[in-house]
Participant: 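Pasting in a structure now, in structure tokens, and then I'll have a few things to ask.
The basis for the numbers below is simple: all heavy atoms, side chains too, and nothing from hydrogens, waters or symmetry mates. Everything quoted here is computed from the prediction, not taken from an experiment.
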Amino acid sequence: MQKKKPSVDKKKRKVGAEQDAAGRVAVAPSAKPAATGIASKAKAEKAVVEAGSGNLFTKAAEFLREVKVELKKVTWPTRKQTTGTTIVVILFVFVVAAFLGLFDFSLSRLVQVVLT
């Protein structure tokens, strides 16, 4: 037979928490995380404004620099992998074309038989 523990022992209290009359725990919000969040939002917005400023040529140059950096991160396939994948795609296209051609031919014959 299992012993039932009192419900008071099951509840864990948080540090700095207060309970109201219904037994709900209310934790006072700290001001530090909110202030940090506001400061980081302001920095992010400032960075966006600074990145958006400038003429068309500086924006284009920055874009091309970022493209170059991203292309360096790409893992390019080898010639053997590219050739193998290309062959598989071409074969698949021929198989699907043959299937659709056969299906089209059979449906056109069926329509001819029904109409005559």
Side-chain angles (χ1 to χ4, degrees):
M1 189 177 253
Q2 293 179 351
K3 293 182 179 179
K4 207 172 195 182
K5 293 183 179 179
S7 62
V8 177
D9 293 340
K10 289 183 180 180
K11 292 183 182 179
K12 294 181 181 178
R13 293 184 184 224
K14 295 182 181 180
V15 176
E18 296 179 11
Q19 280 189 339
D20 62 1
R24 293 178 294 218
V25 176
V27 179
S30 71
K32 189 174 183 179
T36 306
I38 292 170
S40 62
K41 270 187 180 180
K43 287 180 184 177
E45 289 173 0
K46 185 177 180 182
V48 169
V49 170
E50 288 176 0
S53 63
N55 63 12
L56 181 65
F57 293 109
T58 57
K59 288 181 183 180
E62 178 65 25
F63 174 75
L64 291 175
R65 277 192 293 272
E66 290 174 6
V67 167
K68 186 177 177 182
V69 169
E70 290 299 320
L71 284 176
K72 286 182 181 179
K73 296 178 186 178
V74 173
T75 304
W76 297 100
T78 63
R79 179 177 286 268
K80 187 176 180 180
Q81 290 172 330
T82 306
T83 305
T85 305
T86 303
I87 291 171
V88 168
V89 168
I90 291 171
L91 289 175
F92 184 73
V93 166
F94 280 122
V95 168
V96 170
F99 172 75
L100 291 176
L102 183 64
F103 192 72
D104 182 49
F105 179 76
S106 62
L107 281 179
S108 65
R109 287 290 178 192
L110 180 66
V111 169
Q112 284 179 355
V113 168
V114 170
L115 292 177
T116 52

Participant: Give a yes or no answer on whether the side chain of Thr85 reaches the backbone of Thr82 with a donor-acceptor pair at less than 3.5 Å.
Facilitator: no

Participant: Can you tell me how far the CG atom of Leu71 sits from the CH2 atom of Trp76, to the nearest 0.5 Å?
Facilitator: 5.5 Å

Participant: Taking 4.0 angstrom as the limit, do Arg65 and Glu62 come out as a salt bridge?
Facilitator: yes

Participant: About how many Å separate CG of Asp104 and CG of Leu100, when rounded to the nearest 0.5 Å?
Facilitator: 8.5 Å

Participant: Considering all heavy atoms of both residues, which atom of Thr78 and which atom of Gln81 are nearest to each other, and what is their separation?
Facilitator: N-OE1, 2.9 Å

Participant: Check for me, please, whether Phe92 and Phe99 land in the same ILVMFWY cluster - side-chain distances under 4.5 Å, paths through other members count.
Facilitator: yes

Participant: If hydrophobic clusters are built by linking Ile, Leu, Val, Met, Phe, Trp and Tyr wherever their side-chain heavy atoms come under 4.5 Å apart, do Val74 and Leu64 end up in the same one?
Facilitator: yes

Participant: Should Thr83 and Arg79 count as side-chain neighbours, where that means a heavy-atom distance under 4.5 Å?
Facilitator: yes

